[in-house]
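This report concerns only the one structure given below.
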Amino acid sequence: MTVSSVLVVGGGIAGVSTVAELRKNGYAGDLTLLTVDPFPYDRPPLSKEYLAGAKDLGSIALQAPEWYAEQRIDLVTDALVVDLDPAAGTVALSDGRKLAADRIVLATGGHSRWPAFERVVRELLDRPPAGEGIPRSTTGIHTLRSAEDADALRHVLLSRARLLVLGAGLIGAEVASTARKLGCEVVLVDPADPPIAAAVGTRVAAWLHSLHAVHGVETVAATVEKLESTRAGVVAHIAGEVEPRTFDAVLLAVGMVPDTALAKAAGLEVDNGVLVDDRQVTSHPNVLAVGDCARRRDRRRAEHWEAALHDGQRAAATILGVDAGAETAPWFWTDRYDLHVEVVGEMPEPDAEHEDVVRGTLGKPPFSVFTLRGERVIGAVAVDDPNAVRAARRMIDRGVDVRASDLADPATDLRKLLRGSR
């Protein structure tokens, strides 16, 4: 069947990548991009430059405003999709409009995960705190998934607030760093010790987590059992502490849940994401899913920027009926306290099969850590050392054999290792 129309639901990097790749590769049919936002913008700056006020919304746009018209993409903004009919190939908007297409691509992203005491938090967000005339906006409990979320949080942080961050993963750590630069008093609570060890390895994770204390952030390895919104602020009951603490604001940064409501209501298969095959096709052949809302049946769900970008590229290739090309090792980055951290591949703990190799001195940037399985690199993490990660990615993708001693020697040219020279 010739595909003469494509409709993409969601204006994040996955959705924009899909439409951009379609036009780049010669798709000439009708192309519509729906977003609930005023225009598609990038999400990573929300916890960093945008939250700090160093960038405005226009400066983090994924494409220039004129690009959509130039590419003959019908960009529909402030569009909330309330219904999907895969068989009819239609979506219904909250304003009553119904749009149809030969192929529909879901790029609905996700929303913030709620902590274990979800009911208590939701009740706080649904009603004002104790006291006469206090509006809901002053409950002091925040999430960070949109520019609107970041605007609300920035308003509090600029007053040098007392901030409690629940969750010391990438977003929580980045917000803690940004808040400290703005002069806030920050407490970071996470039961994992150290956080993100599964992604970067225990040693690097412990060093990264130690940076919080260096920069004046208090870290607590615990959970928060209860939050209470009062006139004085948000009262947090931290496990193991006798007395509760009071904060001006609380950020919930305990993870992300894929937005599968539309897909589930439409009868598509859902399991911790909209299930897709290796071509991004869902359980209905006319519907594809990309980005944070999607999960490949053969692997865990990815939540990183580049993974969403590649999902869009694969979806476009599927619609065009062409080969999407070979997949590369997964990669992501994060920034905290003016340090740039990049991770590629997988970083299992050292054991009988895996060996960690430090290039440079761990804890003294720039440095990098490679994980070897035999003589094959399977992962790397680098701090202020992007060349090392680029080389590691090529080693993983090409299956290059290397010696640990060569990787560990900063004098060794990694490009020579890529050429197989020892």
Side-chain angles (χ1 to χ4, degrees), residues 12-22 24-25 42-44 62 105 107 109 170 196 198-201 204 273 276-281 288-335 340-348 354 356-357 359 368-402 406-407 413-420:
I13 184 60
V16 173
S17 170
T18 302
V19 296
E21 198 71 9
L22 282 167
K24 176 184 173 182
N25 288 282
D42 211 8
R43 261 58 179 180
L62 285 167
V105 181
L170 302 186
I196 71 168
V200 302
V204 174
V276 297
D277 61 17
D278 59 2
R279 301 174 303 130
Q280 304 301 138
V281 179
L288 294 81
V290 294
D292 287 347
C293 74
R295 181 173 76 83
R296 292 266 290 271
R297 294 176 183 273
D298 59 347
R299 63 186 64 178
R300 293 182 300 176
R301 183 169 45 81
E303 297 179 6
H304 301 300
W305 189 93
E306 192 190 58
L309 175 78
H310 288 168
D311 279 2
Q313 293 170 342
R314 266 191 305 277
T318 297
I319 293 168
L320 291 167
V322 300
D323 183 11
E327 295 187 45
T328 61
W331 166 85
F332 71 91
W333 84 95
T334 182
D335 297 302
H340 182 65
V341 183
E342 295 185 47
V343 184
V344 65
E346 52 184 305
M347 300 290 293
H354 303 97
D356 273 2
V357 180
R359 184 178 176 88
S368 52
V369 179
F370 295 79
T371 295
L372 291 176
R373 181 181 292 133
E375 291 193 325
R376 292 285 175 91
V377 175
I378 64 168
V381 55
V383 180
D384 287 348
D385 192 6
N387 289 335
V389 162
R390 280 195 287 269
R393 190 174 204 176
R394 293 188 180 101
M395 292 174 187
I396 296 169
D397 292 342
R398 298 177 189 178
V400 176
D401 287 344
V402 294
D406 289 336
L407 285 175
D413 187 341
L414 295 177
R415 292 172 298 180
K416 289 185 177 180
L417 299 184
L418 281 166
R419 293 193 293 268

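Values below: all heavy atoms of this structure, side chains included; hydrogens, waters and symmetry mates excluded. The residues of the chain are indexed from 1 along the displayed sequence.
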(request) State, without any angle test, whether T328 and D397 hold a side-chain donor-acceptor pair at a distance under 3.5 Å. (result) no

(request) Indicate the atoms forming the closest heavy-atom contact of A199 with V343, along with that distance. (result) O-CG1, 3.5 Å

(request) Of all the heavy-atom pairs spanning T18 and G312, show the shortest one and how long it is. (result) OG1-CA, 3.2 Å

(request) Taking all heavy atoms of P348 and all of H354, pick out the closest pair and write down the distance. (result) CG-CD2, 3.6 Å

(message) Looking at E327 and R296, is there a salt bridge between them, counting it only when a charged N and a carboxylate O are closer than 4.0 Å?
(response) yes

(message) Working to the nearest 0.5 angstrom, can you tell me the gap between L288 CG and Q280 CD?
(response) 7.5 Å

(request) Mind checking the CD-CG spacing from E375 to L407? Nearest 0.5 Å is all I need. (result) 10.0 Å

(request) Ignoring hydrogens and angles, tell me if any N or O in the side chain of R295 forms a donor-acceptor pair with the backbone of R299 under 3.5 Å. (result) yes

(request) Any chance you could measure F370, atom CZ, to I396, atom CD1, to the nearest 0.5 Å? (result) 9.0 Å

(request) Verify, without hydrogens or angle tests, whether R359 (side chain) and V369 (backbone) share a donor-acceptor contact under 3.5 angstrom. (result) no

(request) Write down the atom of A308, the atom of G291, and the distance for their closest heavy-atom approach. (result) CB-CA, 3.9 Å

(message) Out of the candidates L372, V377, V402, D406, only one should pair with V357 under the side chain to side chain contact (heavy atoms under 4.5 Å, CB included) rule; please name it.
(response) L372

(request) May I ask you to test the D278-R314 pair for a side-chain heavy-atom distance under 4.5 Å? (result) no

(message) Using side-chain heavy atoms (C-beta onward) and a distance below 4.5 Å, is P386 in contact with W333?
(response) no

(message) Under a 3.5 Å distance rule, please check whether S368 uses its side chain to pair with a backbone N or O of A382 as donor and acceptor.
(response) no

(message) Are the side chains of M395 and L417 in contact, using a 4.5 Å heavy-atom criterion?
(response) yes

(message) Within the 4.5 Å heavy-atom criterion, are F332 and V344 side-chain neighbours or not?
(response) no

(request) Could you tell me the separation between the CG atom of D311 and the CD atom of E21, rounded to the nearest 0.5 Å? (result) 12.5 Å

(message) Is there a salt bridge (Lys or Arg N to Asp or Glu O under 4.0 Å) between R300 and E346? Walk through the geometry before answering.
(response) CA-CA 13 Å; R300 293 182 300 176; E346 52 184 305; over 6 Å; no

(request) Over all heavy atoms of both residues, which pair between A315 and V290 is shortest? Give the atoms and the distance, please. (result) CB-CG1, 3.6 Å

(request) For the residue pair V105 and I319, establish whether any side-chain heavy-atom pair is separated by less than 4.5 Å. (result) yes

(message) In the structure I gave you, are the side-chain heavy atoms of E342 and W331 within less than 4.5 Å of one another anywhere?
(response) yes

(message) If you define the side chain from C-beta out and look only at heavy atoms, does anything of N25 sit under 4.5 Å from L320?
(response) yes

(request) To the nearest 0.5 angstrom, please state how far the CG atom of L62 sits from the CG atom of L309. (result) 10.0 Å

(request) With rounding to the nearest 0.5 Å, note down the distance linking CG in N387 to CG in D385. (result) 6.5 Å

(message) If you define the side chain from C-beta out and look only at heavy atoms, does anything of L170 sit under 4.5 Å from H304?
(response) yes

(request) Report yes or no: does R376 contribute a side-chain atom to a donor-acceptor pair with the main-chain N or O of G399 at less than 3.5 Å? (result) yes

(message) Quick check against the 3.5 Å criterion: does T371 have a side-chain atom that pairs as donor or acceptor with the backbone of I378?
(response) no

(request) Please test D335 against H340 for side chain to side chain donor-acceptor pair (under 3.5 Å), starting from the C-alpha separation and ending with a verdict. (result) CA-CA 5 Å; D335 297 302; H340 182 65; 2.6 Å; yes

